[in-house]
Amino acid sequence: MTQDVQPSKSTELPPWSHLTPNKVPRWSFSKVFSNIVISVLALFFAIPMLWLALASVDKNATFQTKIPVLTAEHYIVSLESGNLAALRNSLVISLVASAIGTVAGFFAAYSFSRHHIVWKGPILLGILFLSGVPITILIVPMYEMFTSAGLLTMFPTAVLLGVTALPFQIYLIKNFIDAIPRDLEEAAYIERAKTWRVLWSVILPLTMPGLASAALFGFVNAWGSFLIPLVLISSDDQQAAPVRLFGFVNATSIDYGAIAAYSIIYSLPVVVLYLALSRQFKTGFVLGGAVR
Amino acid sequence: MSVLTQNSDARTLGLPEKLRLEARLDKARFNPASLVLLAPATVLLLGLFLVPVAYAIYLGFTNLQLIGLHAVNYRFTGWANVNTLIHDATFYQSIWLTVLFVVGSGAVGATLLGLVMAIAMQDCLRLIRQIAGALAIVAWTLPPTTIAIVWKASSTESGIIPTLLGNPNYDLLYDQAMLIVCLANSWSLAGLAMIMFSAALRNVPEEILAAARLEGASRAQTLFKVTLPMLRSTIVTSSLLMTLLTFGNFTLVYLMTAGGPGNQTNILPVYSYLQGFKFFNLGYSALLGNVIVLISAALGGLFVLLGKQRR
C-alpha cells in the first residue's frame with residue numbers, strides 16, 4: 001500500500017521510514033491448527049492407499065499392512081495372459097466408448113450452441129438430468145434387450161458405455177463452443193464455407209481442450225464401470241478388467257498380493273492420464289460442466 | 001446496418017432464391033444442418049437411454065424373471081409389483097439407508113471434508129499442502145473398484161484401521177458396515193469438493209478480507225462471517241453434485257459389502273441389483289429402478305430450482 005504513495009524514482013527514504021511495519025507473527029494458533037488438520041487429513045487419505053502399495057510388492061501379502069518382503073511376482077502374475085487380455089478389453093471398450101461419445105457429443109454440442117432449435121432449453125435441461133441419473137436403472141432393460149438380440153458382447157457394451165457419458169460430454173463441449181466468438185465462423189460463412197468445413201477448420205481446432213476433456217471423461221467413465229460389463233458381457237475372454245479384479249477378490253484362495261498389484265496396474269492409467277492432462281486444461285475438466 | 005446491406009448479406013450467404021427475399025435475418029431460423037448434427041446423439045440417447053428407461057417402466061409392472069418359466073413368458077401383472085413394494089420392509093429400510101448414505105457421506109460428509117481441506121490449506125506449509133492435495137486428488141481419480149478393494153482391505157479384520165484402533169482382530173467392516181462405506185465414499189469424493197472450494201476461495205476478493213482484518217475481526221470471525229457466506233453458492237452446488245455422485249455409487253457399496261451384513265448397507269441401487277440378479281425378480285428389480293428414476297428426477301428438479309434462485 002505504501003508503495004503507491006511513494007514517488008517512483010526517488011532514491012531518498014520516505015518520511016515514514018523510521019516506522020517499522022506491524023509484525024506478522026510467523027506462527028499463529030490458526031496456522032498451527034491448519035497444519036495439524038491438513039496433516040491428519042493427509043494421513044486419512046494415505047492410510048487406505050498404503051496397503052495397496054505395500055501388499056503389491058510383499059511376498060507374504062495379506063490384508064495386514066506391514067513392511068514387505070520384497071518381490072515382483074505379483075506384478076508378473078497380474079500380467080499373465082488372461083489378466084492382460086482383460087486390461088486390453090478394457091482399453092478397447094474405453095477407447096470405443098470415448099470416441100463414440102466425443103464425436104456424437106461434438107456435433108450435438110455445436111448444434112445446441114449455434115443453431116435455432118425448438119425447445120432448446122428444456123432439451124438441454126433433460127440432457128443435464130440424464131447425466132445425473134444412476135446407471136443402475138439401465139441394467140434390467142439393457143439386459144433384456146441385449147439378451148433377446150444376442151448382443152451380450154464387448155462392442156455393444158462399449159457403445160452403451162459411450163452413451164452413458166454422452167449427456168455430460170454434450171454439456172462439457174457446449175460450454176467450450178459457447179466461449180468461441182461467433183465472428184470467426186461468420187467470416188468463414190461469408191467466404192461460402194459449408195457447415196462441415198466450418199466445423200472442421202474453425203470450431204474443431206478451437207475446441208480441442210474441451211474435446212480432450214470430454215474424451216478423457218468418456219474414457220475414465222468406461223474404464224471405471226463395473227456393473228455394466230459385469231451384466232452385459234457374457235463371455236469371460238471379453239470381460240473387462242474391473243470385473244476380472246473382482247474375480248480375484250471372490251476367488252476361493254485369495255491372492256492378496258495379486259489383488260493389490262492388479263489394482264495398481266488397473267488404476268494407474270486413469271490416475272496418470274488425469275494428472276498429466278489436468279494441468280493443461282485445469283478449468284475444463286474439473287469444473288467445466290459439473291459446477292454449472 | 002441498413003436493410004439493403006442485410007439483404008445483400010443474405011445473397012452472399014448463398015440462400016435459396018425464395019429465402020433471399022423473405023428471410024428475416026433478425027430472427028433465428030431453422031438450420032437444416034442441425035438435423036444432421038443432432039442425429040447421432042439423438043439416435044444414441046433415444047436407443048440406448050430413453051427407450052430402455054421407458055422399457056424399464058413397463059418391465060416394472062411385469063412378472064419377468066431372470067431364469068425359469070417367467071424368463072421368456074412374462075406378462076403384465078398390473079399393480080402386483082407395486083403391492084409387493086408397499087409391503088416390502090426391506091424396501092423401506094433401503095430407502096432410509098440410501099438417504100443416510102447419500103446425505104451423510106455425500107451431501108454433508110464429502111462437502112464438509114473438501115471445505116475443511118480447502119480452508120485449512122490456505123495457511124498451511126507448502127509441502128504438507130501439496131502432499132495432502134495430491135493424495136485427495138488421487139483418491140478421487142481412482143476407479144470405484146479399486147476404492148472398494150482398498151477400503152475393504154483396510155477396514156476388515158487385520159486391516160490397518162482396526163490395527164491402528166488397537167484391535168487387529170476387530171472386523172470393523174462387519175461391525176460398522178454403514179459407517180465404513182460412508183467413510184469410503186466421502187474419502188473418494190472429497191478431492192473433487194476440495195478442488196471446487198479451492199477455486200471458489202481464490203475468487204473471494206482480497207479487499208473484503210483485508211477490510212475485515214482492519215476492523216479487528218479475528219480469524220474465526222473472518223471465516224464464519226465473511227468467507228463462509230461468500231462460499232454459500234459453492235456449498236450448495238457441491239452438496240447437490242455430491243448427492244448425485246453418491247446416489248449413483250453402486251460399485252463401491254456392492255463390492256465392499258454386497259448390501260450386507262443383513263441388509264445393513266442395502267442401499268436402493270444395490271437392492272435393485274440384488275432383486276434382479278440374485279433373487280431373479282427382474283420385474284421387481286425394474287420397479288425399484290423406477291423408484292430410483294423418480295428420486296433422481298426429484299433431485300434434478302431441486303438442482304434446477306436452486307440454480308434458478310441463484311440467478
Side-chain angles (χ1 to χ4, degrees), chain A residues 30-31 34-35 37-39 41-42 45-49 51-52 62-65 104-105 107-108 110-111 115-117 125 129-130 132-138 140-142 145 160 163 166 170 189-190 192 195 223-224 226-227 242 245-246 249 259 263 266-267 270-271 274 286-287 290-291, chain B residues 12-14 28-31 33-34 37-38 40-41 44-45 48-49 52 55-56 59 117 120-121 123-125 128 131-132 135-136 138-139 141-146 149-151 153-154 156 158-160 195 219 237 241 244 247-248 250-251 255 269 272 276 282 285-286 289 292-293 296 300:
Chain A
S30 76
K31 258 193 183 165
S34 299
N35 275 295
V37 167
I38 290 294
S39 308
L41 285 178
F45 282 106
I47 280 175
M49 290 188 231
W51 170 81
L52 196 63
T62 57
F63 273 159
Q64 276 174 313
T65 305
F107 289 150
Y110 177 74
S111 194
H115 290 156
H116 170 71
I117 294 163
L125 265 184
F129 167 64
L130 286 187
V133 176
I135 299 305
T136 346
I137 59 162
L138 288 176
V140 174
M142 286 322 299
M145 288 162 86
L160 176 67
V163 174
L166 183 56
I170 293 178
Y189 280 123
I190 285 170
R192 289 171 173 263
T195 306
W223 185 267
F226 167 80
L227 181 59
L245 182 55
F246 181 56
V249 181
I259 293 174
S263 298
Y266 161 65
S267 312
V270 175
V271 177
Y274 175 76
V286 180
L287 300 173
V291 178
Chain B
T12 50
L13 280 171
R29 269 172 296 116
F30 168 74
N31 187 334
S34 62
L37 291 176
L38 287 174
L44 288 171
L45 283 177
L48 292 173
F49 216 126
Y55 187 42
L59 288 178
M117 279 196 84
M121 275 162 89
D123 37 46
C124 194
L125 291 177
I128 300 179
I131 292 174
L135 285 171
V138 167
T141 52
L142 284 179
T145 312
T146 312
I149 287 176
V150 161
W151 268 88
S154 11
T156 195
S158 82
I160 185 165
I195 296 171
R219 282 266 182 177
T237 316
L241 186 65
L244 285 178
F247 193 33
F250 162 88
T251 311
L255 292 191
S272 168
L282 280 184
S285 167
I292 296 178
V293 176
S296 35

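In what follows, chains are A, B, ... by sequence order, proteins preceding strands, each numbered from 1.
- Among B/S296, B/P40, B/A33, the residue making the largest number of heavy-atom pairs under 4.5 Å with chain A is B/S296.
- Both the backbone and the side chain of B/L44 come within contact range of chain A, judged by heavy atoms closer than 4.5 Å.
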Candidate pair A/S263 and B/T146, rule side-chain hydrogen bond (donor to acceptor under 3.5 Å, both in side chains), full reasoning: CA-CA 6 Å; A/S263 298; B/T146 312; 5.1 Å; no

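- For chain B, the nearby part of A/I259 is the side chain; its heavy atoms alone come within less than 4.5 Å.
- For the options B/G248, B/P269, B/P144, B/P143, heavy-atom pairs under 4.5 Å to chain A are most numerous at B/P143.
- A/M142 has its side chain out of reach of B/F49: every pair of non-hydrogen atoms, C-beta onward, lies at least 4.5 Å apart.
- Neither side chain, B/S272 nor A/T136, offers a donor N or O lying under 3.5 Å from an acceptor on the other.
- One finds the CZ atom of A/F129 at 9.5 Å from the CG atom of B/L244 (value rounded to the nearest 0.5 Å).
- B/F247 touches chain A through backbone and side chain together, each having a heavy atom under 4.5 Å away.
- Interface check for chain A: of the options B/A286, B/A132, B/C124, the most heavy-atom pairs under 4.5 Å are formed by B/C124.
- Looking at A/L52, only its side chain comes within 4.5 Å of chain B, counting heavy atoms on both sides.
- With chain B as the partner, the residue from A/G224, A/P141, A/S30 showing the most heavy-atom pairs under 4.5 Å is A/P141.
- Between the A/N35 side chain and the B/L125 main chain, a donor and an acceptor come within less than 3.5 Å of each other.
- Contact count versus chain A (heavy atoms, under 4.5 Å) is highest, among B/A139, B/S158, B/S154, B/A41, for B/S158.
- Counting heavy atoms from C-beta on, the side chains of A/S34 and B/M121 never come closer than 4.5 Å.
- In this structure, CE on A/M145 lies 10.0 Å from CG on B/L59, to the nearest 0.5 angstrom.
- Heavy atoms of A/L125 lying under 4.5 Å from chain B belong exclusively to its side chain.
- The candidate with the highest count of non-hydrogen atom pairs below 4.5 Å against chain A, out of B/G289, B/G159, B/G300, B/A120, is B/A120.
- Ranked by heavy-atom pairs under 4.5 Å with chain B, the list A/L138, A/V140, A/I38 is led by A/I38.
- In this structure, the portion of A/L41 lying under 4.5 Å from any heavy atom of chain B is its side chain and not its backbone.
- Using a 4.5 Å heavy-atom threshold, the side chains of A/H115 and B/L38 count as separate.
- When heavy atoms are compared at a cutoff of 4.5 Å, A/V163 approaches chain B by way of both its backbone and its side chain.
- Interface remark: of the candidates B/L37, B/N31, B/T141, B/L37 forms the most heavy-atom pairs closer than 4.5 Å to chain A.
- A heavy-atom distance below 4.5 Å is not found between the side chains of A/V270 and B/L142.
- Of the listed residues (A/L166, A/I170, A/V133), the one with the most heavy-atom contacts under 4.5 Å to chain B is A/L166.
- The shortest non-hydrogen separation linking B/V150 to A/P48 is CG1-O, 3.0 Å.
- Atom CG of A/L227 sits about 10.5 Å away from atom OG1 of B/T145, to the nearest 0.5 Å.
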Residue pair A/W51, B/I149: steps toward the side chain to side chain contact (heavy atoms under 4.5 Å, CB included) verdict: CA-CA 10 Å; A/W51 170 81; B/I149 287 176; 4.1 Å; yes

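- Both the backbone and the side chain of A/V271 come within less than 4.5 Å of a heavy atom of chain B.
- Residues satisfying the ring pair (Phe, Tyr, Trp, His ring centres under 6.0 Å) criterion with A/F226, sequence neighbours excluded, are A/F246.
- Per-residue heavy-atom pair counts under 4.5 Å with chain B were compared for A/T195, A/V249, A/L130, and the maximum is reached by A/L130.
- Shown here are the ring pair (Phe, Tyr, Trp, His ring centres under 6.0 Å) partners of A/W223, two or more places apart in sequence or in another chain: A/F219, A/Y266.
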